[in-house]
Structure formats: C-alpha cells, structure tokens
Amino acid sequence: MITERHDFIPDLPGQFIRDITDKTLFFDIETTGFSPKTSHLYMIGCSYMDASGFHTIQWFDDHKTPDGEKEMLLSFAEFAKNYTRCISFNGSTFDFPFIQKKCDGHHLSDPLCHLEHIDIYKKLKPYKDFLDLPDLKQKSVEAFLGINRQDQYSGGQLIAVYDAYIRTKSESLYNQLMQHNYDDICGMILLMPVMAYIRLFEGAFTFHSYSIAGSCLTLTFTLTNFILIPVTCEHSILKIHASAYTLTMTICGITGTLKYFYANPKDYYYLPAEDMAVHKSVAAFVDKDFRQKATKENCYIKKDGFFLPQPKPLFTPEYRTKAAQTPSYFAWDAIKNQPDSICRYAHLLLNSEF
C-alpha cells in the first residue's frame with residue numbers, strides 16, 4: 001500500500017531551505033527491529049520538494065510479508081532514481097545499511113547507492129555539548145529548535161503497534177504508525193536550521209571587528225548562515241556566543257612578557273645578565289664568565305606584548321612561560337591586520353578543547 005500526502009508546507013524561512021532542491025530527498029524507515037536478517041521493513045517514508053512546495057510519500061506494508069517488503073523496495077527505487085541527494089537522521093548507521101541488506105536479500109539493486117548522503121545526526125554529533133543537548137535523538141534536536149510534533153511514540157514502541165495492526169487492521173493503529181513516520185520525515189525538513197551550527201564550526205563566517213579590554217580579546221564575525229536559537233558556550237579561557245548572523249568569541253590572553261624557546265639548546269649559550277640565549281656563533285665573542293651552556297629551560301629570548309593561546313600550533317613564533325607549557329601563545333600583533341588569519345584562529349578555537 002502506498003500512501004501519499006501533499007499538505008505539508010513547513011513554516012521555514014528562505015535562508016533555511018535555499019540549499020534544498022527538487023533533487024533532495026528526506027528519508028526514513030520503520031522496522032520491527034535492528035537486524036535486517038530477523039526484522040521486517042514495514043515502512044519507507046520520504047519528504048521532497050517540487051514547484052508547488054513540500055510533500056511526503058509513504059510506502060507501507062499492511063501484510064507483513066516478504067512480498068510486501070519487495071514491493072515497497074521496488075516502488076521506492078523507481079521513485080528515488082529521480083533524486084541526487086538524500087538527507088537522513090542517523091541513516092548512515094541504520095537506515096542505509098538496513099535497506100542495502102534487505103535489497104541483497106531480495107536480489108534487488110540498492111536504490112540509495114547513487115545518492116549523495118547527508119546524515120544530520122552524524123554531522124551534529126561533535127557539537128552535542130556546544131548545543132547543550134541531553135542526547136542526540138531526533139525529538140531532542142527538534143525540541144531544541146522549538147519544533148512540536150503530534151507523535152509521542154518511539155520507533156521501538158511502535159513495533160507492538162504494527163503487530164497489533166496486522167492482527168486487527170485497526171484504522172486508529174494505522175494512523176499512529178503513519179503519523180510517527182510522517183513526523184520524522186517532515187521533522188527532518190524543520191531540522192534544517194540546525195545545519196547553521198554545523199557550518200559555523202566548518203568556518204562559514206567572515207571577520208568583522210575586534211576589541212580589547214584588559215587581557216581579553218573579543219572577535220566579532222558575520223555568519224553565512226542564520227542561527228535560529230542563540231547559543232553560548234564557555235571554557236576557562238574562551239566564551240563563544242552565536243545569534244542570528246553574528247558570532248562573538250572572547251579569548252583570555254596574556255599581557256606582559258613571554259618567552260620563545262629555541263629548539264636546540266646545545267647550539268646556544270645562556271647569558272644570565274641579559275636573561276636570554278644566543279647562538280654559539282655569537283656567544284663566542286662573549287667572555288666565558290658571562291655565559292653558560294644553555295638548557296631546555298633557559299634557552300629563550302623574551303618578548304613583551306599581548307599574547308593569545310593556541311591549543312594547537314598555528315602561528316609562529318610560539319611563546320610560553322615555561323619550555324613545556326601548553327597551550328602555546330602567539331603575538332596578537334602578528335595577525336591583527338590579517339582577516340584570513342583571524343578566521344583561521346577562530347576556526348581552530350571552535351574545534352578545540354582547552
């Protein structure tokens with residue numbers, strides 16, 4: 001049985017749907033378990049867009065038979081061949097492998113193999129803590145974005161509902177099954193605003209301005225994608241805030257004197273009076289009473305200025321207070337007039353943990 005609905009028009013501003021084309025398919029399946037060998041595929045649902053708006057189509061096996069599975073897969077394959085991209089929620093782990101195994105079992109070609117696949121769950125997973133999500137279930141992400149759904153069941157809970165429907169053919173049970181899948185596939189369209197947070201971490205921003213207060217630097221960037229729900233995240237030396245089209249990052253730096261440590265102390269002498277190290281070729285002209293062999297801890301030169309932490313080496317020279325200190329620091333003056341370098345630094349901070 002194939003059920004089509006054409007009444008879904010999401011209340012989604014243009015900046016969220018501009019990346020969705022008529023070649024994009026939102027995809028979700030319903031099964032009676034996790035294993036394709038022992039579980040039944042009883043529904044395939046898709047959302048798609050055409051010139052008139054968004055629609056959904058659902059394939060449903062109302063007999064729970066191998067022939068029902070095969071009929072669904074054949075019909076879905078015919079439909080999916082017209083698309084080039086597929087968006088799912090955790091499809092990489094479950095939906096795609098399940099469909100592939102079922103197609104193998106029915107000696108059918110995989111209808112998904114030609115599609116570029118975007119897995120919202122997989123892309124969002126590294127940023128769960130940043131968004132302060134309790135978990136990464138689709139309903140939790142929907143709740144974060146303020147999306148309300150009619151369905152209150154989980155896929156696992158609906159297994160018993162499907163079995164009861166097969167026995168009774170109850171219209172009420174049928175509606176429950178259809179509603180859950182319908183909300184999942186429609187919900188994926190409404191989840192598209194969450195991609196803005198992912199693109200933020202991928203570096204979709206441009207430098208706007210900076211300000212310094214004490215030893216703290218605030219960088220302001222213009223975001224390429226609109227942030228629907230404002231978010232703030234704080235670490236010991238870093239605060240991040242994103243809202244609408246603006247990203248601000250406040251970094252605690254050091255104003256004062258730091259040291260640049262040379263890599264090969266054996267090639268240097270330390271001059272106690274000057275509190276600095278010089279290469280042996282230069283130290284040869286210094287009286288022996290005023291020099292000593294350099295060690296790892298005193299093989300340095302000093303610099304005054306305003307310094308910023310870098311959790312991984314990005315800019316050189318690297319400055320420290322001690323030879324083995326992490327993170328290292330760099331001089332803000334070295335990049336303050338270089339917007340591209342500032343964006344590279346922001347990208348590093350966004351994707352690092354101090």
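Panel note: side chain Ser75, backbone Glu71; no donor-acceptor pair is recorded below 3.5 Å. A distance-only check finds no donor-acceptor pair linking the side chain of Asp110 to the backbone of Ile99 [under 3.5 Å]. Listed for the Gln58 side chain is a donor-acceptor partner under 3.5 Å among the backbone atoms of Met178.
Atom CZ of Phe290 has 12 or fewer neighbouring heavy atoms from other residues, nucleotides or ligands inside a 6.0 Å radius. Other residues, nucleotides and ligands contribute more than 12 heavy atoms inside 6.0 Å of the NZ atom of Lys280. Heavy-atom contacts from other residues, nucleotides or ligands closer than 6.0 Å to CG of Asp50 number more than 12.
Using a 30° and 60° split on the angle between ring planes, Tyr83 and Phe79 fall in the tilted class, from 30° to 60°. Using a 30° and 60° split on the angle between ring planes, Tyr162 and Tyr165 fall in the parallel class, below 30°. Taking the six-membered ring where tryptophan is involved, the planes of Phe96 and His117 are essentially parallel, since the angle between them stays under 30° and well short of 60°.
Proximity of the aromatic rings of Phe27 and Phe76 is defined here by a centroid distance below 6.0 angstrom, and this criterion is met. Checked against the 6.0 Å centroid criterion, the rings of Phe315 and Phe330 qualify as a close aromatic pair. Note: His208 and Phe221 fail the aromatic proximity criterion, with ring centroids not under 6.0 Å apart. Close placement of the Tyr245 and Phe226 rings is indicated, their centers lying within 6.0 Å of each other.
For the salt bridge (charged side-chain N to carboxylate O under 4.0 Å, His left out) condition, no pair includes a residue of residues 259-269, sequence neighbours left out. Every pair passing salt bridge (charged side-chain N to carboxylate O under 4.0 Å, His left out) that includes a residue from residues 152-163 is listed here, sequence neighbours excluded: Lys64-Asp163. Within the structure, the salt bridge (charged side-chain N to carboxylate O under 4.0 Å, His left out) test picks out no pair touching residues 166-182 (sequence neighbours left out). Listed by first then second residue, pairs satisfying salt bridge (charged side-chain N to carboxylate O under 4.0 Å, His left out) with a partner in residues 312-332 read Glu318-Arg320, not counting sequence neighbours.
For the atom pair SG of Cys46 and CD1 of Ile87, the computed distance is 12.0 Å after rounding to the nearest 0.5 Å. To the nearest 0.5 Å, atoms OG (Ser209) and CD1 (Ile342) are separated by 9.5 Å. Phe89 CZ to Asp184 CG: the interatomic distance, rounded to the nearest 0.5 Å, is 9.5 Å. Going from atom CZ of Phe307 over to atom CD1 of Ile254 covers 8.5 Å, rounded to the nearest 0.5 Å. Note that CE of Met43 is 8.5 Å distant from CE of Met72, once rounded to the nearest 0.5 Å. Summarising the geometry, atom CD1 belonging to Ile212 is positioned 9.0 Å from atom CG belonging to Leu219; distances are rounded to the nearest 0.5 Å.
Considering only residues two or more places apart in sequence or on other chains, Lys23 meets the side-chain contact (heavy atoms from CB on, under 4.5 Å) condition with Thr21, Thr84. Shown here are the side-chain contact (heavy atoms from CB on, under 4.5 Å) partners of Leu108, two or more places apart in sequence or in another chain: Lys70, Leu73, Leu74, Cys103, His106.
The closest side-chain donor-acceptor pair between Tyr197 and Asn225, if any, does not fall under 3.5 angstrom. Tyr42 and Asp62 are not linked by any side-chain donor-acceptor pair at a separation below 3.5 angstrom, with hydrogens and angles left out of the test. A donor and an acceptor atom, one from each side chain of Asp183 and Gln179, are located under 3.5 Å apart. Using a 3.5 Å distance cut-off with no hydrogens or angles, the side chains of Thr248 and Thr220 do not pair a donor with an acceptor.
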Would you please test Asp333 and Lys336 for salt bridge (charged side-chain N to carboxylate O under 4.0 Å, His left out) and show each step?
CA-CA 5 Å; Asp333 284 349; Lys336 70 178 184 179; 3.5 Å; yes
Determine, step by step, whether Ile120 and Val141 satisfy the side-chain contact (heavy atoms from CB on, under 4.5 Å) criterion, reporting the C-alpha distance in whole Å, the side-chain angles of both residues, the deciding distance to 0.1 Å, and the verdict.
CA-CA 10 Å; Ile120 299 174; Val141 183; 5.8 Å; no
Using side-chain contact (heavy atoms from CB on, under 4.5 Å), reason through Leu133 and Leu124 one step at a time and then give a plain yes or no.
CA-CA 10 Å; Leu133 294 170; Leu124 194 60; 4.2 Å; yes
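Of all non-hydrogen atoms in Lys128 and Pro134, the two that sit nearest each other are CE-O, 3.8 Å. Residues Leu200 and Phe205 approach most closely at O-CE2, 3.3 Å, considering heavy atoms. The shortest heavy-atom contact between Thr250 and Cys216 is CG2-CB, 4.2 Å. Nearest heavy-atom pair, Leu258 versus Thr321, reported as atom, atom and distance to 0.1 Å: CD2-CG2, 3.3 Å. Here the shortest heavy-atom pairing between Gly91 and Asp119 reads N-OD2, 3.2 Å.
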